[in-house]
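First the structure, in the form of C-alpha cells, and then the observations on it.
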Protein chains: 2
Amino acid sequence: MNLRELSSLLGLSQTTVSRALNGYKDVSEATRARVLAAAKAHEYRPNTRAQALATGRSRAIGHVIPKISTHAMVNPIFADFIAGAGETYSQAGYEMLISVVDVDDEARAYRSIKARGLVDGLIVSAPRMNDPRIELLDEIGLPYAVHGRATGTERPYSWLDVNNRRAFSRAAEFLLDLGHRRIALINGHEEMDFAHRRRQGLEMALAARGLAPDPALMRQDEMTEGYGYRAAREMLAMPDPPTAFLVSSVICMLGVRRAVEEIGLTLGREVSAITHDDQLSYLRDDGPVPAFTATRSSVREAGQRLARMVLERIDAPDAPHRHELLEAELIIGRSTGPAPS
Amino acid sequence: MNLRELSSLLGLSQTTVSRALNGYKDVSEATRARVLAAAKAHEYRPNTRAQALATGRSRAIGHVIPKISTHAMVNPIFADFIAGAGETYSQAGYEMLISVVDVDDEARAYRSIKARGLVDGLIVSAPRMNDPRIELLDEIGLPYAVHGRATGTERPYSWLDVNNRRAFSRAAEFLLDLGHRRIALINGHEEMDFAHRRRQGLEMALAARGLAPDPALMRQDEMTEGYGYRAAREMLAMPDPPTAFLVSSVICMLGVRRAVEEIGLTLGREVSAITHDDQLSYLRDDGPVPAFTATRSSVREAGQRLARMVLERIDAPDAPHRHELLEAELIIGRSTGPAPS
DNA sequence: GGCGAAGTCCAAAGCGCTTTGGTGTTGCCT
DNA sequence: AGGCAACACCAAAGCGCTTTGGACTTCGCC
C-alpha cells in the first residue's frame, strides 16, 4: 500500500492525504479522520526512502565503530549504550545506523556518510584527547553529540559526560579517609579522555592531602579481566604494596578481586578497592549491599540522554551547544574498609 | 556533488555517467575512465536514498533488539556479534540498522520495517523454541537468517548455529572421563534454544554412561556473574555437592570461580568447571594455558558468517536454505582436573 | 451584489537516482 | 551500394513521497 493507492482508494489527491497524515492545517477534520482510519485499516506506512528523498532528512542517526584491526576489542559498554540510545530513537521515530569503519579510514567514512545522505546526525563515542573528529564533523556539516569530552579541543561542541575527575577524586578521598595512603590506579588507556580525567581526579585528591602520586602504582591498558588480575597481582607483590585500588571498570575489578583472593586476602579487609560501575546489565551488582564500592553512573541512561541531545541539534543546528555532566554516585559496598595499620 | 552536476560537468548525460559508474557494458572504456576519474576527483557518492528509491533496494540489513522492559538485560554477546556482522556488511557495501523494539510489539515492528522499505534483510537473534518470528518473516516476505535454531519449527529457514548439544556432551564426557559423576549445569534460560540444546548435550553424555540427570544440579537464569556465584554457592553447600560444573557463559563462570574460591577450594583441583566461551573480546582468556577449560566458538566470526548468509539470501531469495553448524573447540585450561576420590 | 478572507482541496514539480527504449554512427560483410 | 550488427550515447519516465502555487467554495460584511 503506497500513497497513490491509498489516495485513489479514498478518492482524494496524494497531496491531501499526505497533508492529512502529517498534521497540516488545511484539511478538514472530517477528511482527516477518514484518511487516518483508512491508513490504519490498510496498515499504510510511508516509504522511508521516498520520504527521505523528498524531505532531505533520513530520520536516522549514525554510530560509528572504529575498527582498529581484526582482533580489536569491542567496547563492553557498547551494548548498553546502544540499547539506551535506541530506546530514545524509536520513541522519536528515528532509526539507528551502525557503521564499522577502519580507524585510519574514519575521515573518509564520515564524509561518505554525509554525501550519501545516510543519517541526519551522529554520535561520537570514545573521544580521545584532541580528538580530530570534532573539527571534521563541523567542517562536513553533520550534527553530532559526543559521548565524553575531548580535552584540548577549543571549539564548542555538544557533549554528555560523567564527571570522571570528581568521581575518582571523591573515591580517592573516601579511601584516604579510611586511612589508605598507597592507592593504586588500574586505568584504561590514558589517551582516552575519560581515563586521563580519572587519573587527574586521583592526583587531585592526593595533592589535597599533600601526597605525591606514585607512578609505580599506576597502570593503563585495555580493560579486561586479565589485565585487572595481572596489574593487581604485580602491585601486591611489590615490597611496599598498595592498600587500595581505584579501578576503571567492573570487568577489571573482577580480576582485581581474583588477584586479591588468590593470595589469601579479602577485599574490604586487608585490601580495599573502588571501581567505576557503568551498570552494565550483565554485570549488575545489586543486592542489599553491593559487593563493590563503586562510582556508579548508568551508561544506558547516558545513551538515552545523548540520543536526545543529538536529536535536538538536528532540530536546531544553530542553537548553542548543550552539555550534560552526570555526577557518579558513590555507592558503598563491601570492597572497602579501613586501611590495615 | 550529485549525478546531474557531475554529468553536466563531464558533458555527458546522467544515463551514461550512471552506467559508467555501475559497470555497465555499453559505455566506451575511454569515457568510463573519464567518468571514474571525475567522480573520484569530486568525491562523488551516489545518494543512497535516491538509489534505494530507484532500485527498490536499500542496501541495509536490520537487527532487531527486543526490549523486554526498561531494565531488561542486554545480551553480552551482542557487541561482538554486531562487530563481526558489521565488518561483512561494510565490505559488501551494506549498512546495518538496529531497531530497539518492545517485545510484545515485535510483529508490528517487522511489518513496519518491511512496509517502510528500511532494509533488504534481517538477522534474527536469540531464537526461542518454536519461535514465531520465522513464520512471520516468511509471510512478510523479508529475507532473513537466524543466529541459532528454533526447535519445533517445521518450515525451512537459513541458520548458523554452534553445535551446542555436541559441545556440551563432549565437555560432559571429558568430565566423566576425569571421574566426575555429579555434574551440575548452570545454564541460560531454557526457553532459549541454545540452552535447551546444551542441557540435552549433558543429558546425552550422562545417559551414555548409564547416569541419570539430577534436577537438583540444574539451574537456568539470566547469565550474570551474580547468578553464577549464587548457583555454585548453593549447590556446593548441598549435602552431596557436585564435583564439576558445566557453565553456559564466561560471565557466569567468573561467579562460579568466586564461589569456589570463597569456600577455600580451587578450580581444577577439588572442583572442576567447563564454560562455553564465545570469545568476547573483553573477556578473552588467552595466555599459554587458559584459565578456563571451555567449549570455544567465536561469536564474532558467527556474526561475519551469518551476515554473509543473509546477503546471499537477498541475492538469491529462492535458493535452497543454507545451514552452518559450527563445532566448538574443546580447549583444555586450568579449571578441570580429576575428580576427588 | 461584490469582495476579501477562510477553508479545502488539487495538479504538478521536484528530490537524485536507475532503467527503458530509443537514436545516430561505425564498420563489416555480401 | 545496401544492410545489419555492434557500439556509444541519450531523453524521459519512474521510484513514492513532499511541497509549491494555485483553484474553487463558502461565508461574512459592507
Taking salt bridge (charged side-chain N to carboxylate O under 4.0 Å, His left out) as the definition, give me every residue that meets it alongside [X], ordered by chain and number, with sequence neighbours left out.
X: B:E191; answer: none
X: B:R308; answer: none
X: A:D278; answer: none
X: B:E43; answer: none

Describe, in one word, how the ring planes of B:W159 and B:H323 are oriented to each other, choosing from parallel (under 30°), tilted (30 to 60°) and perpendicular (over 60°).
->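 Parallel: the ring planes of B:W159 and B:H323 meet at under 30°.
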Any residue of residues 48-58 of chain A with a heavy atom less than 4.0 Å from an atom of DNA chain D |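 Residues of residues 48-58 of chain A under 4.0 Å from DNA chain D: A:A50, A:Q51, A:A54, A:T55.
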Using a cut-off of strictly less than 4.0 Å between a heavy atom of the residue and any atom of DNA chain D, enumerate the qualifying residues of residues 23-32 of chain B by number.
->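 Under 4.0 Å from DNA chain D: B:D26, B:V27, B:S28, B:T31.
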Residue pairs involving residues 10-19 of chain B (criterion salt bridge (Lys or Arg N to Asp or Glu O under 4.0 Å); sequence neighbours excluded) = B:R19-B:D26
Pair listing, salt bridge (Lys or Arg N to Asp or Glu O under 4.0 Å) test, anchored in residues 1-17 of chain A, at least two apart |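 Checked against salt bridge (Lys or Arg N to Asp or Glu O under 4.0 Å) - neighbours excluded - no pair reaches residues 1-17 of chain A.
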So which protein nitrogen or oxygen atoms get under 3.5 Å of nucleotides 4-6 of chain C's nitrogens or oxygens?
none

Shortest non-hydrogen contact from B:L160 toward B:A302 =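 In terms of heavy atoms, the two residues are closest at CD2-CB, 3.7 Å.
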Taking it one step at a time, do B:S112 and B:R116 satisfy side-chain hydrogen bond (donor to acceptor under 3.5 Å, both in side chains)?
-> CA-CA 6 Å; B:S112 164; B:R116 292 184 293 157; 3.0 Å; yes
How would you give the extent of chain B contacts on DNA chain D, as first and last nucleotide 5' to 3' within a 4.0 Å heavy-atom cut-off?
->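 Nucleotide range in contact with chain B: D:dA8 to D:dG16.
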Donor-acceptor contact below 3.5 Å, side chain A:D120 vs main chain A:R59 |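 Checking the backbone N and O of A:R59 against the side chain of A:D120, a donor-acceptor pair under 3.5 Å is found.
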Using residues 45-54 of chain A as the side-chain source, report each donor-acceptor pair under 3.5 Å to any protein atom, sequence neighbours left out, with the distance given to one decimal.
{"unit_1": "A:N47", "atom_1": "OD1", "unit_2": "A:R49", "atom_2": "N", "d": "2.7"}
{"unit_1": "A:N47", "atom_1": "OD1", "unit_2": "A:A50", "atom_2": "N", "d": "3.1"}
{"unit_1": "A:R49", "atom_1": "NH1", "unit_2": "B:G117", "atom_2": "O", "d": "3.1"}

Determine, stepwise, if the pair A:N2 / A:Y44 fulfils side-chain hydrogen bond (donor to acceptor under 3.5 Å, both in side chains).
-> CA-CA 7 Å; A:N2 61 23; A:Y44 167 74; over 6 Å; no
Hey, which of these two, A:R19 or A:M1, hits DNA chain D nearer its 5' end, going by closest nucleotide?
->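 Checking each residue's closest nucleotide, the 5'-ward one belongs to A:M1.
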Can you find a side chain N or O atom of A:S13 that sits less than 4.0 Å from OP1 or OP2 on C:dC10?
->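 Result: yes.
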Side-chain touch B:S58/B:Y94, heavy atoms, less than 4.5 angstrom = no
Is the shortest heavy-atom distance from the side chain of B:L97 to the side chain of B:I61 under 4.5 Å?
->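 Answer no - side chains too far apart.
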Between B:S18 and B:T15: side-chain donor-acceptor atoms closer than 3.5 Å = no
Describe, as an angle rounded to 10 degrees, how the axis at the first end of the helix from C:dG1-D:dC30 to C:dT30-D:dA1 is tilted relative to the axis at the last end, five pairs per end.
->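 Rounded value for the end-axis angle: 60°.
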